2 protein chains.
Amino acid sequence: MKEINPKIRIKDIAIMAGVSEGTVDRVLHERGDVSAKSLEAVNKVLDEIDYTPNLLARSLASKKQYRFVCLFPAHQNADYWHSVDNGFTQAAREFTHYNVHIEKRYFNQYDVLSFVEASNAVFEQKPDAVFIAPIFRKETLDLCEKLTLEEIPFSFIDSLIEEVNFLTYYGQNSFQSGYIAAKLSLGSLPNHAQVLIVRTQRKGAVSNQTLNRYNGFMQFIKDNQLAGHLELISVEIKDNDELANKESIRNIFESNNNIKTVITFNSRVHQLAKHLEELNLTDANLIGYDLLEQNVAYLKKGSISFLIAQRPDKQSYFTVRDMCRELIFRQEIRKINYVPIDILLKENIEDYMHFVE
Amino acid sequence: MKEINPKIRIKDIAIMAGVSEGTVDRVLHERGDVSAKSLEAVNKVLDEIDYTPNLLARSLASKKQYRFVCLFPAHQNADYWHSVDNGFTQAAREFTHYNVHIEKRYFNQYDVLSFVEASNAVFEQKPDAVFIAPIFRKETLDLCEKLTLEEIPFSFIDSLIEEVNFLTYYGQNSFQSGYIAAKLSLGSLPNHAQVLIVRTQRKGAVSNQTLNRYNGFMQFIKDNQLAGHLELISVEIKDNDELANKESIRNIFESNNNIKTVITFNSRVHQLAKHLEELNLTDANLIGYDLLEQNVAYLKKGSISFLIAQRPDKQSYFTVRDMCRELIFRQEIRKINYVPIDILLKENIEDYMHFVE
DNA sequence: TTAACGCCCGTGTCCGCACACGAAAGCAAA
DNA sequence: TTTGCTTTCGTGTGCGGACACGGGCGTTAA
């Protein structure tokens, strides 16, 4: 195997071009103060040799400190944003040697004001980059505008706002993931089977993600003309009243005895699993989203048939990594990154969870 | 967010312990030549402060060169081992700055002798680490024994030999992946449906992977007592005679008109797809393995319903990375790593392929 | 003529660590 | 006390690159 990087250092370039190391440095960093003659000489050498700067040495020598701040919803223990948080933490650990410092700033996703406050505070800091979960569209736009003026790069996570010039976006194609949920759960149902769709009323705005999943789900039904063959039953449950929810479900199952599939488009499927288990309603297939600990537990037990997952921690980690690639390593990056839609069963969840990359 | 690494350098430790930097260095690297007194003093400081060496500076300063060699099957264009190869290449690029040099050595997977030759050559080189695809069990054992004597660490890729002391193993739980294939394809078949299992005769030894997949597949049938409900049809096709293969398939479909599912446990499912397409037999669901370009194409077209995939390139990449973590970064690593079993449909293949990590 | 200024350029120091060399200190034998 | 040897220790140099400082040189204004 041939040597990929034939060890050419600035020193060598300087000799080859017949100039001093300082001059090479100036050319490499476009610091100016270089005569046309030396500029040409150095560029000629740079063209011939493909010089790869030693990134280790570079960031060791560089005194430049990078301050990245992450702006996303506050969260309790084991939910989606908690995973996102973990990803940021991991990135912080990994890139600390490259002089990047990561700061997290949380807001209340049900309270616009908290977002505005947080975003103002972020802006005041004049960080070197910002990562935003754009829950509030308009207010996020405001922030982005200000950042753009100051030439502070920013990336989106979870969802995106197309109009502004962000660096990267990592998130799931939620429409598609709803479509897949349908394909997996409806693909082979007998005629006249009943399908129960459980939707949750939320305090704040309706989450775009769950809406899109629902739309994708319905699209599959349309594409395969299943509307006539299946009976869709929809129920809305509360965010916070588990007793009432359980009761609703009991009622529905009492008046419908052919429910083959139960699906919900958010990550609280473990609550459904719990209710169904307690009500002794274990015949239907249950489908849900996201790898919360409790969801995984029910999946392993068999109460949940499929979980559709994304990788929230990867999303945040890659968001940070790409910013480093842009600012520090000068590498090519992809702007829009749809995270794979992972299909988890009892049989493959184990390996998936263990596989920490 | 608190500072993860409070910037403590050797210099600081030296001051705190009241010794010279050289002494700290000797303690850190266990070079000896340290009095009991200074040893204790330094260790005391090291215990109090959690010192994280700057890996960048470390490998920049270290003159130690690492030579890793990879021993795996030669391959043509777009197959499994080709992906593995790519993973090694990527790792080579990434770790070159840490003074690791990666060399690949191929053998003919149908010819034991070529393996023995290659493995001898590898051993002669006395590399710093070896990565082995243990296709030939006994001969691999021989090599491992010699490596162990010389204290040269080695890792397995693709499959593993339990008896020797390898550093890591990356590969798929192929039994489980067969089980999943069955679950996905047989889960909802009507009574008396026919299932066609296509098996390939190979020139060399039967691949363990495909055998395990088959066993997993059959286990699902047993676990769910499907033997009475389904009719399994098995056909053996040739490695190299596509015309004959096509003919076999035509015959089978002529004498069996209720085939709902066609499955094969190796990666040549695209050939089946081609034949079925040409024979106008597009009713059955086709299931196969691995993300060969052609397989992906047929999946996107809809000729293949599911592909079960692993990530060969990740496997090799992580194998190298983990060796670096062991030898250079002194990090904790996991010995046995089952790669996730990925389930790909037309609907999620796109994002999966784009998601280069 | 000379001081002042701008343009180019070379060199030195430092980043955090590894490693080698040689010096100091301790101790026994002469 | 001097010599010789061993154990222990301090310092200097270099890895590859970033950046600052200051110096040489030509040009222009006083």
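It should be emphasised that the depicted structure is a prediction, and the values quoted were computed from it without experimental measurement. By convention in this document, chain letters (A, B, ...) are assigned in the order of the sequence lines, proteins followed by strands, and residues within each chain are numbered from 1.
- Within 6.0 Å of NZ on B/Lys126 lie more than 12 heavy atoms contributed by other residues, nucleotides or ligands.
- Put simply, A/Ser38 has no side-chain N or O that comes within less than 4.0 Å of OP1 or OP2 on C/dC8.
- Mapping B/Val34 and B/Ser62 onto DNA chain D by nearest heavy atom places B/Val34 at the nucleotide closer to the 5' end.
- Phosphate proximity of C/dG10 to A/Thr23: present, with a side-chain N or O under 4.0 Å from OP1 or OP2.
- Contacts of A/Asp33 with the nucleic acid, taken as non-hydrogen atoms under 4.0 Å apart, include base atoms.
- Rounded to whole Å, atom P of C/dG16 lies 18 Å from atom CZ of A/Arg58.
- Contact between the side-chain N/O atoms of A/Arg9 and the OP1/OP2 oxygens of D/dG16 is found at a separation under 4.0 Å.
- Candidate nucleotides D/dG17, D/dC15, C/dC9 were compared by shortest atom distance to the side chain of B/Ala61, and D/dC15 ranks first.
- Mapping B/His29 and A/Leu60 onto DNA chain C via the closest heavy atom, the residue that lands nearer the 5' end is A/Leu60.
- Separating the CZ atom of A/Arg26 from the C1' atom of C/dC7 is a distance of 11 Å, rounded to the nearest angstrom.
- Place B/Ala57 and B/Val19 on DNA chain D by their nearest nucleotides, and B/Val19 ends up nearer the 5' end.
- Taking 4.0 angstrom as the limit, A/Ser35 places a side-chain polar atom (N or O) nearer than this to OP1 or OP2 of C/dC9.
- Between B/Tyr51 and C/dG16 there is no side-chain polar atom (N or O) within less than 4.0 angstrom of OP1 or OP2.
- For C/dG16, neither phosphate oxygen OP1 nor OP2 lies less than 4.0 angstrom from any side-chain nitrogen or oxygen of A/Tyr98.
- Test A/Leu46, A/Leu39, A/Val45 against A/Val42 for side-chain contact (heavy atoms from CB on, under 4.5 Å) and you get one pass: A/Leu46.
- Counting to the nearest Å, the C1' atom of C/dC17 and the CG atom of B/Leu46 are 15 Å from each other.
- Going from atom NZ of A/Lys11 over to atom P of D/dG17 covers 10 Å, rounded to whole Å.
- In this structure, B/Glu30 places its CD atom 15 Å from C1' of C/dA18, rounding to the nearest Å.
- Set against C/dC19, D/dG10, C/dC9, the side chain of B/Asp25 has C/dC19 as its closest nucleotide.
- In this structure, B/Arg31 reaches the C/dC19 phosphate: one of its side-chain N or O atoms is under 4.0 Å from OP1 or OP2.
- One can place NZ of B/Lys63 at 12 Å from C1' of D/dG16, the figure rounded to the nearest angstrom.
- Atom CD1 in A/Ile8 sits about 17 Å away from atom C1' in D/dC15, given to the nearest Å.
- In this structure, A/Tyr80 has its ring center no closer than 6.0 Å to that of A/His75.
- Screening B/Phe115, B/Phe131, B/Phe107, B/Phe88 for a ring-ring contact (aromatic ring centres under 6.0 Å, His included) with B/Phe72, the sole residue that qualifies is B/Phe88.
- Between B/Asp47 and B/Lys44 there is no salt bridge, since no side-chain N of the basic residue sits under 4.0 Å from a carboxylate O of the acidic one.
- A donor atom on one side chain and an acceptor atom on the other are found under 3.5 Å apart for A/Thr23 and A/Ser20.
- The separation between B/Asn99 atom CG and D/dG14 atom P is 18 Å, rounded to whole Å.
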